[in-house]
Amino acid sequence: VHNANDLIRMHGRLGNAAKAREIFDLIPVKDRLSWDYMLLAYTQGGSIDEAWRIFDQIPQPSVFSFNILLSALSQSGDFRGARRIFDGMPQWDVVSWNSMLSAHIQHGDLAAAQRFFDCMPEKTIVSWNAMVSAYAAKGDTSIAKLLFGKMPQWDVASFNAMLTGFDQEDYVLELRRFFNALPEANFVSWTIVLTAYARIGHLFECQALFNAMPQRDIVAYNVMLSAFSHHSTGKDSKALFDTMPQWDMLSWTSLLNAYIQEGHIDRAKRTYDTMPMQD
RNA sequence: UGUCUCGUGGCU
């Protein structure tokens with residue numbers, strides 16, 4: 001059963017719920033993990049209706065089962081559904097509370113989220129991170145800073161959430177100071193700062209930071225590429241594009257944009273014709 | 001062995 005469960009999980013992660021279901025159906029004796037992984041596979045594949053259906057068939061849904069569905073409803077923007085599941089749960093753990101908190105945030109009701117947060121019987125660093133990130137995303141940087149300062153402890157996600165709040169022209173200096181002072185940074189941290197420079201149009205800093213990155217993934221490349229396409233020449237864009245280890249649709253689109261903005265319709269057309277996927 | 005929070009463009 002363990003191996004079968006792992007397979008279900010794997011296919012679920014790849015977004016292949018149908019394949020996961022095939023394996024699920026072959027298991028003679030399913031344990032609670034088989035059901036939860038199958039439920040998770042449906043939510044990861046975006047099949048909320050199927051998720052509901054399988055959830056209703058779970059013999060004894062655990063808090064985990066409830067949480068999986070709750071989190072999926074929250075992420076899909078179904079606030080009412082999330083609320084209904086949450087209210088109907090036999091018991092809650094801190095993940096349930098965090099998921100419902102993030103449902104409020106998804107729903108765009110920060111005031112309600114704050115009230116919910118204040119009433120939560122227990123909070124983890126995830127709860128705090130979610131709130132900081134919500135205020136930062138809304139542009140309420142001073143409130144985000146206040147909350148950040150009150151946190152009992154931080155992890156790299158806390159730092160990153162706070163960093164996103166500095167993605168504004170007025171905060172460039174603070175962004176850099178904060179970033180430089182971080183005890184811990186990862187890929188995401190670097191990319192947030194990179195993105196801020198790109199958006200604000202500080203091409204020089206952007207490029208310097210890009211070159212200083214310990215490693216670069218496709219997201220970082222795309223940010224740099226998009227910075228070039230908005231603030232530099234198609235030639236620069238093309239040069240960077242050619243050094244990329246791989247491309248996705250965003251990379252191609254940025255290159256197209258660079259040419260179009262320069263009025264190089266012919267080059268844009270040629271680029272378009274060589275794209276592997278033309279959406 | 002499982003569930004919650006952080007990063008990439010344009011149009012709307």
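Quick note on labels: first sequence line is chain A, next is B, and so on, each numbered from 1. For clarity, every value in this text was computed on a predicted model and none was experimentally measured.
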* Less than 4.0 Å between a side-chain N and a carboxylate O, is that true for A/E174 and A/R177? -> no

By a strict heavy-atom criterion of less than 4.0 Å, which residues belonging to [range] are in contact with RNA chain B?
| range | result |
| --- | --- |
| residues 101-129 of chain A | A/V126, A/N129 |
| residues 8-24 of chain A | A/R9 |
| residues 149-162 of chain A | A/A157, A/N160 |

* Asked: Listed by chain and number, what are the ring-ring contact (aromatic ring centres under 6.0 Å, His included) partners of A/H202, not counting sequence neighbours?
  -> none

* **Residues forming a ring-ring contact (aromatic ring centres under 6.0 Å, His included) with A/F187, sequence neighbours excluded** => none

Could you tell me how far apart [X] ([atom1]) and [N] ([atom2]) are, to the nearest whole angstrom?
| X | N | atom1 | atom2 | result |
| --- | --- | --- | --- | --- |
| A/W97 | B/U5 | CH2 | C1' | 17 Å |
| A/F64 | B/U1 | CZ | P | 11 Å |
| A/M213 | B/G7 | CE | P | 15 Å |
| A/L7 | B/U1 | CG | C1' | 12 Å |
| A/Y135 | B/U5 | OH | C1' | 15 Å |
| A/R32 | B/U3 | CZ | P | 15 Å |
| A/Q75 | B/U3 | CD | C1' | 10 Å |
| A/W35 | B/U3 | CH2 | C1' | 18 Å |

[X]: partners by salt bridge (charged side-chain N to carboxylate O under 4.0 Å, His left out), with sequence neighbours left out:
| X | result |
| --- | --- |
| A/D87 | A/R83 |
| A/D242 | A/K238 |
| A/D236 | none |

* **Residue list, side chain to side chain contact (heavy atoms under 4.5 Å, CB included) with A/N186, at least two apart or on another chain** => A/V156, A/N160, A/V188, A/S189

* **With sequence neighbours excluded, residues passing side chain to side chain contact (heavy atoms under 4.5 Å, CB included) with A/D248** => A/I218, A/N222, A/L250, A/S251

* Min side-chain heavy-atom separation A/M151-A/I125 under 4.5 Å -> yes

* Asked: If every non-hydrogen atom of A/F116 is compared with every non-hydrogen atom of A/L101, which pair is closest and at what distance?
  -> CE2-N, 3.7 Å

* To do: Work out which heavy atom in A/A161 is nearest to a heavy atom in A/A136; give both atom names and the distance.
  => O-CB, 3.5 Å

* Asked: Can you check whether A/S34's main-chain N or O pairs, donor with acceptor, with A/D31's side chain at less than 3.5 Å?
  -> yes

* Asked: Hey, is the main chain of A/F64 close enough, under 3.5 Å, to the side chain of A/S62 for a donor-acceptor pair?
  -> yes

Out of [options], whichever nucleotide has its closest atom nearest the side chain of [X]:
| X | options | value |
| --- | --- | --- |
| A/S71 | B/C4, B/U1, B/G7 | B/C4 |
| A/T164 | B/G7, B/U5, B/U1 | B/G7 |
| A/S133 | B/U1, B/G7, B/U5 | B/U5 |

* Touch check for A/D31, heavy atoms < 4.0 angstrom, all strands: base, sugar-phosphate only, or nothing? -> nothing

* Contact class for A/I68 (heavy atom, under 4.0 Å): base, sugar-phosphate, or nothing? -> sugar-phosphate

Between the protein and nucleotides 8-10 of chain B, list every N/O to N/O distance that falls short of 3.5 Å.
from, atom 1, to, atom 2, distance (Å)
B/U8, O2, A/N222, ND2, 3.0
B/G9, OP1, A/R199, NH1, 2.9

* Keeping to residues at least two apart or across chains, list the ring pair (Phe, Tyr, Trp, His ring centres under 6.0 Å) pairs with something in residues 6-41 of chain A. => A/F24-A/W35

